2 protein chains.
Amino acid sequence: MRTIFWEDNLVKMIDQRRLPNALEILTCRTHIKVAHAITDMAIRGAPAIGVAAAFGLALAAQNSPAQTPAELRKELELASTLLKSARPTAVNLAWAVDKVLRFTFSESESLSTEALRGRVLTEAQRLADEDVEINKRMAEHGSTLIADGDTVIHHCNTGALAAVDWGTALGVIRMAHEQGKRVHVLVDETRPRLQGARLTAWELKQYGIPYEIISDNAAGHFLKTRQAQKVFFGADRVAANGDVANKIGTYMLALAAHDNDVPAYAVVPTSTIDLSLATGDLIPIEERTPEEVLGLQFNGERVAPANAKARNPAFDVTPNRLISAIITENGIVRPPYEVNLRKVKEVI
Amino acid sequence: MRTIFWEDNLVKMIDQRRLPNALEILTCRTHIKVAHAITDMAIRGAPAIGVAAAFGLALAAQNSPAQTPAELRKELELASTLLKSARPTAVNLAWAVDKVLRFTFSESESLSTEALRGRVLTEAQRLADEDVEINKRMAEHGSTLIADGDTVIHHCNTGALAAVDWGTALGVIRMAHEQGKRVHVLVDETRPRLQGARLTAWELKQYGIPYEIISDNAAGHFLKTRQAQKVFFGADRVAANGDVANKIGTYMLALAAHDNDVPAYAVVPTSTIDLSLATGDLIPIEERTPEEVLGLQFNGERVAPANAKARNPAFDVTPNRLISAIITENGIVRPPYEVNLRKVKEVI
């Protein structure tokens, strides 16, 4: 099953907030509902929310009462603004929406409003299909970096759930496993949303890949005591210089890998590379509700004192010096990233 | 109220597993119950478990049917072995038990069994009183490092709850606050046992010190974006070269501080310095039950998939190169630690 798909003129997605305790499908009838699903993290992961936004645009086109191409274009531009603002850090959201709009209105003005509606859906569907293809190519490139017997540390969820299928970093691990390599995964919990303990562990269980959950705090110990040979994560945006914005905690994990000469790999489709930003400092960092931190339960009770405050940045920026390589569908990119990321983007 | 105290010939302690939702007193009638309370973390924190073990020995002496000094000594030695094995990493446990035994049997052999029993309690009580005094001196030394307006990141719980009163790193922060300095604390949760979110937040609330809880993963982001000026933590054992064993996650936090030229301070009584171990690699690291990781709840449900496995090292070792200074009751120790830790131990 794909994480997100178009069926009966509706957008359907696995509701990731309910995993691993229930596998439920969330149905969206409007692009506004899709935007909410992205903001509320019913669907998450940079590639997945890109495709979700594209399908959201297809819903907006389908539901629009527009009579003329100009009216439709105006409505889709409004819908795009809404969908792009659902989450700020992952560049895939804007990338996908812009791509669908560009494709839709790239033909001569002679197309009918109805034909344009069809083009929105065609392109959204194509992006979804292409995502699976791209992820498989990333996985093939990345799997060459995993040796038989490796233990790898994995941050957040970057699997099929984070994309349409396969995923980014977890796709690499899955591919190595399918190639017959013995690979063991230390899955960090990934506070505060626990995508590691909830989603990555669930996926690894489906694939039959051996894993153990660790607290985020423990990664340094396993690296320092030589119990892990590689570190893998995805990214929400890569700047032109190779700085990587990814789920909060990536920076500390990459620091610990670097301090122990363990390679740390970011696995991203080229759509996640944003050449318009020179460095990671320019990437907007989403701060989410304190409740994600404060709502934690322990022994059935809330952990934090009543009225406690919290800060909750959802991403951090890992400087390029800590990134051993960036794995894309077009190949493995090594430093100097300023030069080589540009090259890998231009392959397309 | 003290964290642990002797009353009505019983050992009483705040049950830290129930905080912040309930303030309950756990009563121990036997040294075996004290050992269990230490293992199960009803009481935790290196100084606190040292005093708990000393009081445990006082219970063993009181409850012993020994008729002769030799019989009593043999029983207390057995009790010591049990108490020392309650947790392996903090050296204070062995230090306190050995100190009580040495004091008890240091006089001429002419003392009666009953007098010896009294000496055990006297010394345990003295250690408890001394702990408060030592912590206040640490707090005074350490508070000179905090500037008015500082935001500090604090790991685990090192407050009054981790000692008899005041505590180590949190004692420093509290002293700075009482001196009228404005200090803001970013309290990291400290997975898996959440001593930060549960205990440190609760203590800061009592003291009226402003704080915000952050996930452990977020510390790097706050350091990199210059939102924190100092990092403070305690320690469970400091090796002769200044390597620091402390609550899991300290190493990654210290790495992030170092990467951003933010000073990271360990606050410890000299009893936590173990000159018998040349480096931190020799410190035994406790691995606790996977259930501490797997038992986490989210939306009222367990997070990890059924039958998931976990690894749960409770401590890590931070290399001396990442420690800016070690604050003790005898003063602030700077590198070279091999020389200066020896000096500060010898002051006593």
Side-chain angles (χ1 to χ4, degrees), chain A residues 17-18 20-21 186 189-194 197-198 201-202 205 210-222 224-225 227 247-253 255-256 259 285 290 292-313 315-317 319, chain B residues 17-18 20-21 186 189-194 197-198 201-202 205 210-222 224-225 227 247-253 255-256 259 285 290 292-313 315-317 319:
Chain A
R17 298 166 300 187
R18 296 288 293 120
N21 294 294
L186 293 176
E189 294 185 320
T190 319
R191 279 288 290 151
R193 298 277 308 198
L194 299 160
R198 290 197 300 122
W202 181 80
K205 192 177 170 180
Y211 71 91
E212 290 165 311
I213 299 173
I214 61 173
S215 71
D216 302 301
N217 277 331
H221 173 75
F222 286 103
K224 194 158 182 289
T225 53
Q227 296 183 70
K247 182 52 54 197
I248 192 80
T250 305
Y251 167 48
M252 293 171 90
L253 176 59
L255 270 175
D259 198 47
I285 298 296
E292 290 184 355
V293 176
L294 299 172
L296 198 70
Q297 293 162 309
F298 183 87
N299 294 338
E301 297 174 308
R302 271 174 79 96
V303 164
N307 305 318
K309 288 180 184 168
R311 293 287 303 277
N312 186 20
F315 302 92
D316 60 25
V317 174
Chain B
R17 297 166 300 187
R18 297 287 292 120
N21 295 295
L186 293 176
E189 294 184 322
T190 319
R191 281 287 291 151
R193 298 276 311 197
L194 299 161
R198 290 197 300 122
W202 181 80
K205 191 177 172 182
Y211 71 91
E212 290 165 311
I213 299 173
I214 60 173
S215 70
D216 303 301
N217 277 331
H221 173 75
F222 287 103
K224 193 157 181 291
T225 53
Q227 296 184 71
K247 181 53 53 197
I248 193 79
T250 305
Y251 167 48
M252 292 171 90
L253 175 59
L255 269 175
D259 197 47
I285 299 296
E292 290 184 354
V293 176
L294 299 172
L296 197 71
Q297 293 162 310
F298 183 87
N299 293 338
E301 297 173 308
R302 271 174 80 97
V303 164
N307 305 319
K309 289 180 183 167
R311 293 287 303 277
N312 186 20
F315 302 92
D316 60 24
V317 174

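Below, chains carry the letters A, B, ... as their sequence lines are ordered, and counting in each starts from 1. Excluded from the calculations below are hydrogen atoms, water molecules and symmetry mates; all remaining heavy atoms, backbone and side chain alike, are included. Note that the structure is predicted; figures quoted are calculated from it, not measured.
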Which residues share a side-chain hydrogen bond (donor to acceptor under 3.5 Å, both in side chains) with R311(B), sequence neighbours left out: Q227(A), E287(B)
Please round to the nearest 0.5 Å and tell me the distance separating atom CG of L255(B) and atom CG of D259(A). 4.5 Å
Can a donor-acceptor pair be found, under 3.5 Å and without considering hydrogens, that links the side chain of K205(A) to the backbone of N307(B)? no
Considering all heavy atoms, the nearest P305(B)-P20(A) contact: N-CG, 4.2 Å
Please report the shortest heavy-atom distance between P313(B) and A218(A), naming the atom on each side. CG-CB, 4.0 Å
Over all atoms of both residues, closest heavy-atom pair of A308(A) and I213(B): CB-CD1, 4.0 Å
Once rounded to the nearest 0.5 Å, what's the spacing between atom CD of E189(B) and atom CG of L294(A)? 8.5 Å
Note: vs chain A, highest number of non-hydrogen pairs under 4.5 angstrom among R18(B), R17(B), R198(B), R193(B) is R198(B)
Heavy atoms only, distances under 4.5 angstrom: which of L194(A), I214(A), D316(A) has the most pairs with chain B? Name it, please. L194(A)
Under 4.5 Å heavy-atom distance to chain A, tell me which part of F315(B) shows up: side chain, backbone, both or neither. backbone
Is the shortest heavy-atom distance from the side chain of P319(B) to the side chain of K224(A) under 4.5 Å? yes
Between A197(A) and V303(B), what is the shortest heavy-atom contact and its length? CB-CG1, 3.5 Å
Indicate the atoms forming the closest heavy-atom contact of G220(B) with Y251(A), along with that distance. O-CE2, 3.5 Å
Who pairs with N312(A) by side chain to side chain contact (heavy atoms under 4.5 Å, CB included), at least two apart in sequence or on another chain? P192(A), R288(A), E292(A), V293(A)
M252(B) to N217(A) - nearest heavy-atom pair and separation: SD-O, 3.7 Å
Pair count under 4.5 Å, heavy atoms only, with chain B: among R302(A), K247(A), R191(A), highest is R191(A)
